[in-house]
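One structure below.
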Amino acid sequence: MGTRREFLKNTAALTLGVGVPGAILQAQTASVFVSNRPPLGKRTFVSHAVDRTILEVKDQIQDPELAWMFENCYPNTLDTTVDYEVIDGKPDTFVITGDIDAMWLRDSTCQVWPYMPLIRNDKKLALMIQGLINRQAKCVNLDPYANAFYKDMTKASEWASDRPTPQAGVHERKWEIDSLCYVVRLANEYYRLTHDASVFDADWDRAMHRIVETFKTEQRKDGTSPYYFERTTSRMTDAPLYNGTGRPSRPVGMICSMFRPSDDATNLPFLVPSNLFAVQSLRQLAVIYTTALDNAEFARECSDLANEVEHAVMHWGTAEHLIYGRIYAYEADGYGNHLFMDDANVPSLMSLSYLGIHKPEDPIYRRTRQYLMSQDNPWYVRGKAAEGYGSPHTGKQGIWPMGIILRALTSDDESEVLACLHMLKATHAGTGFMHESFNKDNPKDFSRKWFAWANTLFGELILKVSRDYPSLLKKKKTV
């Protein structure tokens, strides 16, 4: 079993420039880091509040490489992925994920999340978020089972050979609980920060009812579901087993999810972190429908469903581990079977405190987190370049920067946060950006050179470090 001491010892051995091309090393030595941001006129969206934040935070960072990475990553969503306009008098915002020209409900919320604290002081930024809330509601009303969409809702899917064929406007139809949760998360945070209930219009209301209806349907209390997904592929994780319906599950109150946030098919149908995310989202809806929309009946329906799912998770989604005691499983089936692991994509078990579902000191979360960062977790990977957990989505050798970032974001240990910064600096392969994954022994072997969610999440980490551990940014070299 790995220990924190081993982790800190190993990461302390990482040196500046691991996996970084010689030209970049020379620039580092000279403390010259040229911004990788697009020229001002070619940025897809400009926020003066975001640009001010970059200047303020960079001024605190004494390590020139870390400052350069922050400047590149934090605004990457705004710089490269936002399509904002007004359609029929309503703001409309479409946010592509990066190197795929489609919008994921999950990714789009996560991509703009670090900008949310700024919307009270930047009207233009607030309108952009309103537009994304409107667009997400439009997507849910088109197909609540889909995970990714096109801006042009008449466009045929490039996955037209999937069965059933996605309708026009849908990029991909992988049923993931978290996709719908992120729609609620964005709207709830916007309302919490602004107290502006105008976004809760008839289209949004219809989308929220469809979300709750879909959650209830996917409890599969009668053992059936209208959903299935088949794809002709050599990747076994690209579709559920048994003609796209997934493995058997027993109705216990949890919600079935045929896919993980990684877009990989689940092994067991009850994806625990996503069910906990649904509990949080349903309770947020209950508050909105009580305080802003005066619909006590629907608020009660949301609360009752949240309580039912939470009770089922605690009974069927937790188990006694041989070493760590009672912890969360990653997946379950209602028959008493559990899969112990985690995936770097959010929601993950690691991210439960980041999402606000658990406090960092909650015993079951602390025990689960201890398991996740040990050699007992089959997806916790150690290599020459770094250590961290990855995802079956990218194979057994890959570490996800997102996993390292989430480890730092959920840590209350300054030395652990510093060790994570070491690894992130040592594994960006001289690009100044985060990637989907990198080979544990060779950071230059990475996937997805343009992955806006990971970039913006890194920016969020630096913002948190500037607030909670400002002394770390005063180091001239965070290695």
Side-chain angles (χ1 to χ4, degrees), residues 81 83 87 92-109 132 134-183 203 206-220 222-249 255-269 271 274 345 391-393 436 448 453:
T81 69
D83 185 349
I87 299 178
D92 183 277
T93 306
F94 190 84
V95 181
I96 63 171
T97 184
D99 49 17
I100 305 172
D101 189 24
M103 185 179 92
W104 267 250
L105 296 177
R106 170 185 53 255
D107 290 36
S108 58
T109 292
L132 184 55
N134 293 335
R135 169 60 68 158
Q136 289 184 346
K138 187 184 298 184
C139 291
V140 172
N141 286 326
L142 179 65
D143 186 349
Y145 282 102
N147 58 319
F149 299 82
Y150 296 119
K151 180 176 173 63
D152 179 359
M153 289 198 162
T154 67
K155 182 178 178 178
S157 172
E158 67 178 77
W159 296 106
S161 60
D162 288 350
R163 296 173 297 277
T165 300
Q167 62 182 302
V170 171
H171 170 71
E172 190 173 57
R173 196 174 191 262
K174 290 184 172 181
W175 161 235
E176 302 163 2
I177 294 171
D178 71 282
S179 292
L180 300 184
C181 294
Y182 275 114
V183 174
D203 290 332
R206 184 160 62 97
M208 297 309 106
H209 280 76
R210 296 204 74 181
I211 287 173
V212 174
E213 178 187 4
T214 304
F215 284 167
K216 286 188 167 183
T217 299
E218 290 308 312
Q219 287 181 297
R220 303 187 180 186
D222 63 357
T224 68
S225 166
Y227 180 82
Y228 71 96
F229 180 94
E230 295 180 288
R231 174 173 290 177
T232 301
T233 175
S234 60
R235 290 176 59 94
M236 294 183 66
T237 57
D238 241 354
L241 298 176
Y242 304 111
N243 304 114
T245 63
R247 286 184 170 88
S249 62
I255 304 166
C256 290
S257 186
M258 291 297 95
F259 288 88
R260 300 168 177 167
S262 63
D263 299 336
D264 285 348
T266 50
N267 284 7
L268 303 177
L271 182 57
S274 291
N345 290 270
S391 168
H393 189 69
E436 179 186 53
R448 297 196 68 178
W453 176 13

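This is a predicted model, so every value here is computed, not measured.
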Pairs under 3.5 angstrom only: tabulate donor-acceptor contacts from the side chains of residues 168-175 to other protein residues two or more places apart or in another chain.
| residue | atom | partner | partner atom | Å |
| --- | --- | --- | --- | --- |
| His171 | ND1 | Tyr150 | OH | 2.9 |
| Glu172 | OE1 | Asn147 | ND2 | 3.1 |
| Glu172 | OE2 | Arg231 | NH1 | 3.2 |
| Glu172 | OE2 | Arg231 | NH2 | 3.0 |
| Arg173 | NE | Asp143 | OD2 | 2.6 |
| Lys174 | NZ | Asp238 | OD1 | 2.9 |
| Lys174 | NZ | Asp263 | O | 2.8 |
| Trp175 | NE1 | Cys256 | O | 2.7 |

Less than 4.5 Å apart, any side-chain heavy atom of [X] and any of [Y]?
X: Ser157; Y: Asp162; result: no
X: Thr97; Y: Trp453; result: no
X: Cys139; Y: Met103; result: yes

Set of residues satisfying side chain to side chain contact (heavy atoms under 4.5 Å, CB included) with respect to [X], sequence neighbours excluded:
X: Asp222; result: Thr224
X: Asp203; result: Lys90, Asn141, Asp201, Arg206
X: Lys138; result: Asp92, Arg135, Met153
X: Ser262; result: Arg260, Asp264, Asp343, Asn345, Ser391, His393

At what distance, to the nearest 0.5 angstrom, does [atom1] of [X] lie from [atom2] of [Y]?
X: Thr245; Y: Tyr227; atom1: OG1; atom2: OH; value: 11.0 Å
X: Thr93; Y: Lys151; atom1: OG1; atom2: NZ; value: 8.5 Å
X: Leu132; Y: Phe94; atom1: CG; atom2: CZ; value: 10.0 Å
X: Phe229; Y: Phe259; atom1: CZ; atom2: CZ; value: 4.5 Å

Minimum heavy-atom distance [X]-[Y], with the two atoms named:
X: Ala160; Y: Pro166; value: CA-CD, 4.3 Å
X: Ile255; Y: Gln219; value: CG1-CG, 4.1 Å
X: Pro226; Y: Thr217; value: CD-CG2, 3.6 Å

With sequence neighbours excluded, what pairs up with [X] under the side-chain hydrogen bond (donor to acceptor under 3.5 Å, both in side chains) test?
X: Tyr145; value: Glu218
X: Thr154; value: Asp152
X: Lys216; value: Glu301
X: Glu436; value: Ser447

[X]: what forms a salt bridge (charged side-chain N to carboxylate O under 4.0 Å, His left out) with it, not counting sequence neighbours?
X: Glu230; value: Arg163
X: Arg448; value: Asp99
X: Asp178; value: Arg106

Taking [X] for the side chain and [Y] for the main chain, is one N or O donor matched with an acceptor at less than 3.5 Å?
X: Arg247; Y: Leu241; result: no
X: Thr109; Y: Tyr182; result: yes
X: Thr266; Y: Ser257; result: yes

